[in-house]
Amino acid sequence: MMKVRRYHPLSILFEFAAFLKSYAILAFVVVVNFGSDSWIARLGRILLLVSVALTIIASILKWFTRKYAVDELAFHLKSGIFEKTERTVYFDKIQNVQRHTSFLHKLFGMTSITFETGTSGMNSNVKFDALTRSEADRLESLVKEFMQLGNPTTDSETEKVAVTSERVVHFTPTRKDTIKASFTSFSFLIILVLGASLFSKVDQLFEVEDYVEGWIASVLTSGWIIAGIVVGLIVLAVTIGVIWTFVKYGNYEIASDEERIYISKGVLDETAFSIGKKRVQAVEITQSFMKRILGLAEVKLISAGNLGDDEDEVSSLYPFLPVKRAYAMIAELLPDYQVVPDTERLPRKSLLARLIKPYWFWLIVTIPLTFFRPEVFKLPIGWAIVSITLLVLLILSRVLGYWNTSYAVKGRFIQLSQGTFEKTTFLTRRDKIIEVSVKRTKLQQWFGLATIGLINRAKPVRHETLPDMPIEEARQFVKWYAERTKNVQLK
């Protein structure tokens with residue numbers, strides 16, 4: 001018989017902490033204006049006290065009414081204060097498993113765990129805000145057993161089948177990787193943002209600008225002092241940037257076994273994410289302008305499950321991987337995927353078709369500039385310079401877009417690369433695509449071109465397009481997709 005359990009009592013505390021985090025600004029304003037007798041301050045105090053009281057009462061009532069049970073097939077959840085709700089989430093619907101251990105969780109030896117499904121809606125996932133680590137391990141192991149064995153196991157079995165396979169660690173960042181990541185992410189600039197914010201807050205309270213005005217004037221007359229301050233700020237910014245990157249990406253590890261991929265990171269706040277290899281719908285490789293200069297790339301795993309609030313980072317392999325290492329890691333983690341090195345480029349007529357497309361944005365900006373003719377940079381013809389500059393930038397972006405566009409359709413794989421300053425490569429398999437399309441504008445018909453589109457399961461559904469492909473290649477793409485019946489097995 002299933003054992004029905006209540007959620008951990010500390011879930012009340014974590015729910016209240018989430019409330020305080022959401023209303024931190026209101027609480028700060030109330031505390032700062034605590035001695036004020038204005039009606040706005042009094043109203044703020046009343047609203048804060050009422051909100052705190054209602055949150056505490058609701059959290060306690062929710063804890064009394066929320067229960068869960070687990071068997072060999074599914075989670076069974078009960079909730080509701082005034083309206084009772086019971087739902088069952090079967091293990092075969094679970095796409096990903098995500099753990100998050102905040103600093104507050106660590107203080108109490110707790111963790112949170114979310115089992116993410118491929119469905120949508122508020123109740124699509126099974127989330128436990130506060131669990132002991134042993135209980136979280138137990139729940140995750142039950143799901144993992146089901147996924148690996150494909151059949152249920154029960155506690156009454158005398159002999160359990162060993163389902164754990166050896167986990168292989170593929171990547172852990174070195175000290176050099178952390179330093180490079182701090183520069184690539186511009187995290188060292190946080191000192192400037194924090195410094196400016198802190199100065200503005202202090203200035204509002206104590207009007208320090210009047211006191212330091214004379215001091216700043218004397219400092220600016222000394223070149224040695226200026227140089228020392230600049231060097232000191234650079235060293236401080238770099239140091240804080242490295243520390244910030246270490247706190248965020250420290251303890252980073254990418255590992256896998258035969259069935260799943262595991263990504264963990266964080267020093268103060270720990271995040272662990274796992275996804276079944278069969279659940280991966282596509283792979284996305286992104287290179288920003290700075291990463292392209294440094295030869296780095298970010299690899300993201302696209303799945304049908306919801307990846308949580310921080311999904312862009314959680315589903316990402318280390319965001320600062322060397323390009324060659326990123327390609328090799330994809331092959332190591334997902335043997336069914338392979339990055340195609342030799343891709344096809346678009347023909348020159350595709351560039352011509354892109355260049356002669358109407359520049360609507362430029363036209364919308366130029367019409368009022370021509371009508372009002374404002375003096376920009378104190379130049380009578382400044383408005384014309386702005387219009388010409390905008391047109392040149394738009395033309396340059398289309399040229400760069402054409403230059404960075406390539407594609408490959410080989411075997412079971414399709415690979416699309418696009419972008420201007422930031423380049424994105426999308427890789428998926430034919431059996432993971434649920435729909436394709438071919439569209440043609442009038443201009444594309446004149447040049448013998450077409451736009452292909454494909455859809456993958458994700459949350460939200462992932463749409464990818466490749467414009468201005470030769471019509472012959474587009475037709476071959478449709479025929480290629482029609483052969484997916486060779487790879488898809490219908491149950």
Side-chain angles (χ1 to χ4, degrees), residues 1-18 59-80 85-117 123-149 152-157 160-165 167 251 253 255 257 259-260 262-266 268-276 305-310 314:
M1 184 176 178
M2 291 186 301
K3 182 179 179 180
V4 179
R5 303 169 183 252
R6 293 189 186 276
Y7 285 66
H8 199 280
L10 282 178
S11 60
I12 300 174
L13 173 64
F14 286 99
E15 189 167 342
F16 183 68
S59 299
I60 295 175
L61 291 177
K62 187 184 295 184
W63 179 77
F64 274 109
T65 57
R66 293 177 70 193
K67 299 178 182 179
Y68 72 95
V70 188
D71 59 19
E72 66 275 11
L73 295 175
F75 291 104
H76 304 273
L77 311 172
K78 297 180 180 180
S79 62
T85 302
E86 295 186 15
R87 65 189 181 103
T88 300
V89 180
Y90 289 94
F91 292 159
D92 60 352
K93 301 297 182 183
I94 295 174
Q95 300 281 338
N96 317 313
V97 181
Q98 179 185 344
R99 282 203 198 194
H100 180 251
T101 307
S102 65
F103 181 72
L104 185 60
H105 281 101
K106 288 183 177 181
L107 290 178
F108 295 96
M110 307 293 288
T111 187
S112 67
I113 189 168
T114 304
F115 299 92
E116 298 148 354
T117 69
N123 297 322
S124 59
N125 300 331
V126 179
K127 184 175 182 179
F128 300 90
D129 293 319
L131 282 178
T132 61
R133 293 179 184 268
S134 58
E135 178 66 5
D137 291 338
R138 184 183 76 88
L139 298 180
E140 187 174 1
S141 65
L142 287 173
V143 175
K144 187 177 178 181
E145 282 183 21
F146 180 89
M147 291 181 176
Q148 289 182 328
L149 292 179
T153 59
T154 61
D155 293 336
S156 61
E157 291 176 337
K160 285 196 173 185
V161 181
V163 296
T164 57
S165 58
R167 188 181 295 191
N251 297 330
E253 182 181 277
D257 55 26
E259 300 292 334
R260 304 185 69 80
Y262 305 90
I263 304 172
S264 59
K265 70 181 178 90
L268 296 179
D269 280 8
E270 298 178 4
T271 300
F273 171 78
S274 70
I275 178 175
N306 185 12
L307 304 179
D309 298 332
D310 199 22
V314 169

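Given the structure is predicted, the values throughout are model-derived calculations rather than measurements.
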Legend entry - Backbone N/O of Ser112 and side chain of Asp129: donor-acceptor pair under 3.5 Å: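 Not confirmed, Asp129 side chain does not pair with Ser112 backbone.
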Inset, instruction - Could you pull out the closest heavy-atom pair between Asp269 and Phe103, with the gap in Å? - result: OD1-N, 3.0 Å
Inset, instruction - Write down the atom of Asp257, the atom of Lys144, and the distance for their closest heavy-atom approach. - result: OD2-NZ, 3.4 Å
Inset, instruction - Could you walk me through whether Phe128 and Leu139 pass side chain to side chain contact (heavy atoms under 4.5 Å, CB included), step by step? - result: CA-CA 10 Å; Phe128 300 90; Leu139 298 180; 3.9 Å; yes
Check whether any side-chain heavy atom of [X] lies under 4.5 Å from a side-chain heavy atom of [Y], and answer yes or no.
| X | Y | value |
| --- | --- | --- |
| Thr111 | Glu270 | no |
| Tyr90 | Thr117 | no |
| Ile94 | Glu116 | no |

Legend entry - side chain to side chain contact (heavy atoms under 4.5 Å, CB included) between Asn125 and Gln98, worked out: CA-CA 11 Å; Asn125 300 331; Gln98 179 185 344; over 6 Å; no
Inset, instruction - Take Tyr262 and Val97 through the test side chain to side chain contact (heavy atoms under 4.5 Å, CB included) and record every step on the way to the result. - result: CA-CA 9 Å; Tyr262 305 90; Val97 181; over 6 Å; no
Inset, instruction - Would you please test Val143 and Phe115 for side chain to side chain contact (heavy atoms under 4.5 Å, CB included) and show each step? - result: CA-CA 9 Å; Val143 175; Phe115 299 92; 3.7 Å; yes
Legend entry - Criterion salt bridge (Lys or Arg N to Asp or Glu O under 4.0 Å) on Asp137 and Arg99, from CA distance to verdict: CA-CA 10 Å; Asp137 291 338; Arg99 282 203 198 194; 2.3 Å; yes
Inset, instruction - Could you tell me whether the side chains of Ser102 and His105 share a donor-acceptor contact shorter than 3.5 Å? - result: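 The answer is yes; a qualifying pair exists.
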